[in-house]
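Here is the structure we will look at.
Remember, it's 1-based here, ligands and their atoms both numbered in the order they're listed. Here the structure is a predicted model, which means the values were calculated and not measured.
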Amino acid sequence: MGNSLAISGGPKLTDREWPRWPQPGTQALKSLEDVLTSGRWTISCAYQGQQSYERQFAAAFADYCRSTLCVPTATGTAALAIALEACGVGASDEVVVPGLSWVASASAVLGINAVPVLVDVDPSTYCVDPAAVEAAITDRTRAITVVHAYSAVADLDALLDIAQRYGLPLIEDCAHAHGARYSNWPVGVFGAAGVFSMQGSKLLTSGEGGAVVTDDPEIAVRAEHLRADGRMLRRDQVHVGEMELLETGQLMGSNECLSEFHAAVLMDQLDLLDEQNARRGKAANHLSDRLGELGLTVQSTSPGTTDRVYYRYAVQLPDELLAVAPVDRFARALTAELGFPVMQTHRPLNDNPLNRPSSRRRFATGTAYMARVEPSRFGLPAAKRIHESVLSFGHEVLLAPLDAIDDIALAFGKVIANVRELSD
Ligand SMILES: *Cc1c(COP(=O)(O)O)cnc(C)c1O
């Protein structure tokens with residue numbers, strides 16, 4: 001009579017140790033010691049005779065993204081807010097925001113006193129739906145943001161076409177997509193600016209961190225000022241003991257600088273990124289073949305994608321299974337079998353406890369503004385359906401050997417074969 005699934009008291013499918021994240025490389029300790037003894041822990045301390053790690057990382061990451069300019073920032077949220085402001089977005093302006101994303105997609109817009117306009121996503125790529133973007137544009141729209149979500153690249157051709165026709169800057173949020181390519185070109189430089197997060201869960205990380213990349217020197221200079229209290233890095237020769245940041249006062253900013261410790265760790269991690277992305281890609285392809293055989297629908301990406309990277313692996317359950325039990329029960333059953341967290345995707349931003357501007361006094365600038373920023377005024381049926389049918393897990397799992405990846409497929413097969421144990 002006994003139960004078969006681990007969640008109902010049966011044996012787990014595997015006791016394997018899964019890879020953990022983040023993983024230090026070989027250079028980090030030496031570089032961190034170098035920062036520690038250098039006398040300069042951030043670019044807003046005096047120059048000490050060697051190029052800052054922040055400048056080294058900015059150059060290396062611009063190069064990696066095949067962009068000309070990179071302004072590192074303290075977080076990805078800061079990078080997004082700075083990119084928007086550097087593109088001229090401000091108080092009361094509307095910004096088009098994907099409805100299925102981390103809360104930062106909305107909070108960064110709110111943070112510059114603008115209004116997030118949530119739009120629905122494509123049911124197969126989970127990225128913003130270009131038709132929904134176009135339908136959301138009004139005469140108050142000042143920018144379009146796109147997230148390359150989980151493991152997909154959004155339909156950039158269609159989005160760039162819309163941005164161009166309406167004369168709006170497109171800002172790519174690449175927090176999930178370090179190293180992904182579209183038309184053989186790295187994401188981040190298709191629109192006016194690209195933003196990255198280097199928070200601890202991301203494919204390239206220093207615990208906290210971010211960056212804006214752009215080919216537009218005016219956007220870059222504004223981003224520099226915005227992240228360093230209205231200062232920009234001097235372009236002329238600096239001497240030991242002098243400040244490298246110049247107080248131009250051209251544009252007021254805040255302190256959102258990336259510290260030297262973080263930049264040193266990012267230099268170490270950047271060396272590892274391509275090899276890790278390749279390994280994750282191989283594992284994901286292997287898993288997708290196996291899960292397809294089980295009748296599951298793996299997240300797809302836009303046709304223009306030439307290199308896919310996996311921040312989260314995401315796969316959709318068919319209606320027959322969801323009729324037996326809700327998606328979160330499958331998530332818990334798989335977590336119990338495998339020993340790593342399998343989860344739902346983000347909660348849509350129109351119904352997400354983290355996206356609640358009314359809970360924050362700073363947004364109480366009048367009833368009209370409060371009504372405009374109220375997330376529940378938007379409908380996001382495709383995002384809701386994805387949230388209620390898709391399972392996902394983190395990229396570190398894909399760094400496991402292929403026999404471990406087979407165990408993931410076996411766990412899905414086991415849960416599906418015993419799905420009755422999940423029903424009420
Ligand atoms: C992580 C993330 C961010 C914000 O990054 P932080 O570095 O945590 O501030 C922005 N957008 C998306 C889509 C993210 O996943």
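Residue, atom and distance of the protein heavy atom nearest to atom 5 (O) of ligand 1 are Ser197 OG, 3.0 Å. Among all non-hydrogen protein atoms, the one lying nearest atom 11 (N) of ligand 1 is Asp173 OD2, 2.7 Å.
The CG atom of Leu258 sits 8.0 Å away from the OG1 atom of Thr42 when rounded to the nearest 0.5 Å. Here the straight-line distance linking atom CD of Glu224 with atom CD1 of Ile43 works out to 8.0 Å at 0.5 Å rounding.
Taking the six-membered ring where tryptophan is involved, the planes of His346 and Trp102 are tilted, since the angle between them lies from 30° to 60°.
Within ligand 1, counting atoms from 1 as listed, the ones closer than 4.0 Å to a heavy atom of Val147 are 13 (C). Remark: ligand 1 atoms within the under-4.0 Å shell around heavy atoms of Trp102 are 2 (C), 3 (C), 14 (C), 15 (O). Listed by number with element, the atoms of ligand 1 under 4.0 angstrom from any heavy atom of Gly209 are 7 (O). Listed by number with element, the atoms of ligand 1 under 4.0 angstrom from any heavy atom of Gln199 are 7 (O), 8 (O).
Counted by atom type alone, Glu244 and Ser52 present zero donor-acceptor pairs between their side chains at under 3.5 Å. Side-chain atoms of Arg181 and Asn184 include no donor-acceptor pair closer than 3.5 Å.
By the 4.0 Å heavy-atom criterion, Ser201 is excluded from the residues contacting ligand 1. Judged by the shortest distance from any of its heavy atoms, Ser101 lies inside the 4.0 Å radius around the atoms of ligand 1. Ligand 1 does not have Leu80 within reach: every non-hydrogen atom of the residue lies 4.0 Å or more from it.
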Let's go through Arg66 and Asp215 carefully: what are the C-alpha distance in whole Å and the side-chain angles of both, what is the deciding distance for salt bridge (Lys or Arg N to Asp or Glu O under 4.0 Å) to 0.1 Å, and is it a yes or a no? CA-CA 9 Å; Arg66 291 216 224 157; Asp215 284 331; over 6 Å; no
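Between His176, Met198, His148, Lys202, it is Lys202 that holds the heavy atom closest to atom 1 (C) of ligand 1.
Contacts of Thr77 with ligand 1, taken as heavy-atom pairs under 4.0 Å, involve both backbone and side chain.
Separation of the Tyr150 and His176 ring centroids falls under the 6.0 Å cut-off.
For ligand 1, the polar-atom distance check finds no N/O of Ala104 at less than 3.5 Å from any of the ligand's N/O atoms.
The pair Arg222-Asp216 does not meet the salt-bridge criterion, since no charged nitrogen lies less than 4.0 angstrom from a carboxylate oxygen.
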